[in-house]
Amino acid sequence: VFSWAGAATIGCMGTGIYATNGPEGVAYVVDHAKAKIVIAEDEKQLAKFRKVDKSLLKSVKAFVVYSPNELETDPVHGIPAYTWSGFMELGAKTSQEAVEVKRGAVVPGQCCSLIYTSGTTGNPKAVMISHDSCTWTAKVAFEDVFGLGREEHVVSYLPLSHIAAQLMDIISPMVNEVTVHFARPDALKGSLKGTLQECQPTVFFGVPRVWEKQHSMVTIKLKEGTVFGRWAYDLALRVGSEAARSRKDGIKPGAILSLANKVLDLLVLKNIRILLGIDKCRWLSTAAAPIAPELIDWFWALGKPMYEVYGQTECTGIATANIPGANRIGSVGRANSGVEVAVSKQQEILIKGPGVIQGYWNKPEKTAETFVDGWLHTGDVGKIDTDGYIYIVDHM
């Protein structure tokens, strides 16, 4: 987070490397991006660069080891390597005036982030995201789409190599003054539950697998519980489902249903939400892969509306969203403010708007193929109904 923000401030580009990448993978990104500074989490990550051919590191001027446990580190193929504290001391020699000059030279349209795609076929492409795409998307997503204020709390747990994590954990906190709580490195291996319980975020985004794990956690707890506990849960969930069905249709639940829902929510459902760490969330959102409508319904029944959103790295993460008062389960919502969505003759979803990126770094042919007359060709097959709700049905 510090490195990315520092780079963006002075007009440089930041890019992430997955911690799971091997020596060949990290060398490709550094060489392709022509990176000058490499920040490694610890000596274990730095060791990957010691195993690669020096010719792939010719752009690198320095390595930095972030871990505070590293008191000193050896050069990498003759390239200087600093501890984080040593790097900060080096930076302290630069005057604030010099920093302000560089910051003042940053302009809209200038690339600030390179995000490498998964690279399932061949080497990954580097998506170029500009300063204004970042700030515009963060503002639209957090303020216009979800109507959130400046007292939000989020948990940083997704890899910062993803645009979703960059938006949630770096860009939006700067634009919207959001408070960030950092999860443990093993968050996706099980410790995320404890972090959510402790931090109780007000906003939480997760891919379907995260929500599936939360549902499984409750299912396992119920099997370990009493017969009365399971009965109470089933009753509370049935009543919660009925109340949620009315709310989804924009109808206020009847007096008896509303009272029953409030009582059972207080006695049963609230405890489940606290267990999951989502009790203070204003909304939950999901994207990146198909999710079972039944799972969305389950969270609604718990008293926490879940909204499906859609986007790609190539449109800075989010282009459409279901929102309160305009939600249709099974769809990915309607186009966000300032975004246009269309469907081609081949039923391909096309997106145009301020979030659509500049292109791929050093890939002019692929850029020309993907971005035509300002429209992003997503590669997703879909349809738009008469009310403007968008449905993703396949991938080309």
Side-chain angles (χ1 to χ4, degrees), residues 8 11 13 15 32-33 106-145 162-164 166-167 171 175 287-289 308-323 326 328 331-396:
M13 296 182 291
T15 188
H32 184 263
V106 176
V107 295
Q110 187 173 337
C111 182
C112 68
S113 185
L114 288 181
I115 296 182
Y116 282 79
T117 59
S118 59
T120 50
T121 54
N123 288 322
K125 302 183 295 293
V127 176
M128 299 170 62
I129 298 182
S130 66
H131 284 265
D132 46 321
S133 289
C134 286
T135 53
W136 182 86
T137 303
K139 208 151 185 66
V140 167
F142 274 74
E143 294 184 5
D144 295 348
V145 175
H162 285 304
I163 184 58
Q166 287 190 12
L167 278 174
I171 303 161
V175 172
E308 193 166 2
V309 302
Y310 168 74
Q312 295 182 340
T313 306
E314 285 84 348
C315 61
T316 319
I318 183 170
T320 76
N322 284 289
I323 59 175
R328 193 160 290 177
S331 80
V332 293
R334 297 190 286 203
N336 295 339
S337 174
V339 176
E340 294 180 63
V341 177
V343 177
S344 71
K345 293 180 180 179
Q346 293 74 34
Q347 279 71 56
E348 182 180 13
I349 297 291
L350 309 177
I351 298 172
K352 179 185 285 189
V356 172
I357 62 136
Q358 303 166 313
Y360 299 112
W361 178 256
N362 291 333
K363 296 276 186 182
E365 292 182 2
K366 190 63 180 177
T367 296
E369 175 187 321
T370 307
F371 305 91
V372 181
D373 297 328
W375 289 94
L376 162 64
H377 287 244
T378 65
D380 289 323
V381 177
K383 60 182 181 179
I384 304 175
D385 68 16
T386 53
D387 295 322
Y389 287 92
I390 298 146
Y391 298 79
I392 308 299
V393 298
D394 202 355
H395 188 75
M396 300 183 74

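Fair warning: this is a prediction, and the values are worked out from it, not measured in the lab.
Listed here is the closest heavy atom pair of G338 and W136: CA-CZ2, 4.1 Å. The heavy-atom pair separating A33 from L114 by the smallest distance is CB-CD1, 4.0 Å. Residues V381 and M396 come closest through the heavy atom pair CG2-CG, 3.4 Å. Here the shortest heavy-atom pairing between H131 and C112 reads NE2-CB, 3.2 Å. Taking all atoms of both residues into account, the shortest heavy-atom contact from V106 to Q110 is CA-OE1, 3.5 Å. S113 and Q166 make their closest contact through OG-OE1, 2.9 Å (heavy atoms, listed as atom of the first residue, atom of the second, distance).
Counting only distance, with no hydrogens or angles, the side chain of D385 and the backbone of D387 share a donor-acceptor pair below 3.5 Å. The closest donor-acceptor contact from the side chain of S133 to the backbone of P354 lies under 3.5 Å. Judged by distance alone, the side chain of E308 and the main-chain N or O of V332 form no donor-acceptor pair under 3.5 Å. In this structure a side-chain-to-backbone donor-acceptor pair under 3.5 Å is missing from T320 to G333.
Looking only at side-chain heavy atoms (C-beta outward), V343 and I349 come within less than 4.5 Å of each other. Within the 4.5 Å cutoff, no side-chain heavy atoms of V341 are placed close to those of Y310. Using a 4.5 Å heavy-atom threshold, the side chains of D380 and Q312 count as touching. Two residues are said to be in side-chain contact when any heavy atoms from C-beta on lie closer than 4.5 Å; I390 and S331 fail this criterion. Using a 4.5 Å heavy-atom cutoff, the side chains of L350 and H377 are in contact.
Atom CG of L376 sits about 8.0 Å away from atom CD of E348, to the nearest 0.5 Å. Separation of atoms OG1 (T313) and CD1 (I115) is listed at 5.5 Å; rounding is to 0.5 Å.
Tested against T137, the residues I318, I129, D132 include a single side chain to side chain contact (heavy atoms under 4.5 Å, CB included) partner, I318.
Not counting sequence neighbours, R334 has no partner by the side chain to side chain donor-acceptor pair (under 3.5 Å) test. Residues meeting the side chain to side chain donor-acceptor pair (under 3.5 Å) test with D394, sequence neighbours left out: none.
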_Does Y389 form a side chain to side chain contact (heavy atoms under 4.5 Å, CB included) with N322? I'd like the steps, not just the answer._
CA-CA 9 Å; Y389 287 92; N322 284 289; 3.8 Å; yes

Counting only pairs under 3.5 Å, give me each side-chain donor-acceptor contact of residues 356-363, with atom names and distances, residues two or more places apart or in other chains.
| residue | atom | partner | partner atom | Å |
| --- | --- | --- | --- | --- |
| Q358 | NE2 | G109 | O | 2.2 |
| Y360 | OH | E314 | OE2 | 2.8 |
| W361 | NE1 | H32 | O | 3.1 |

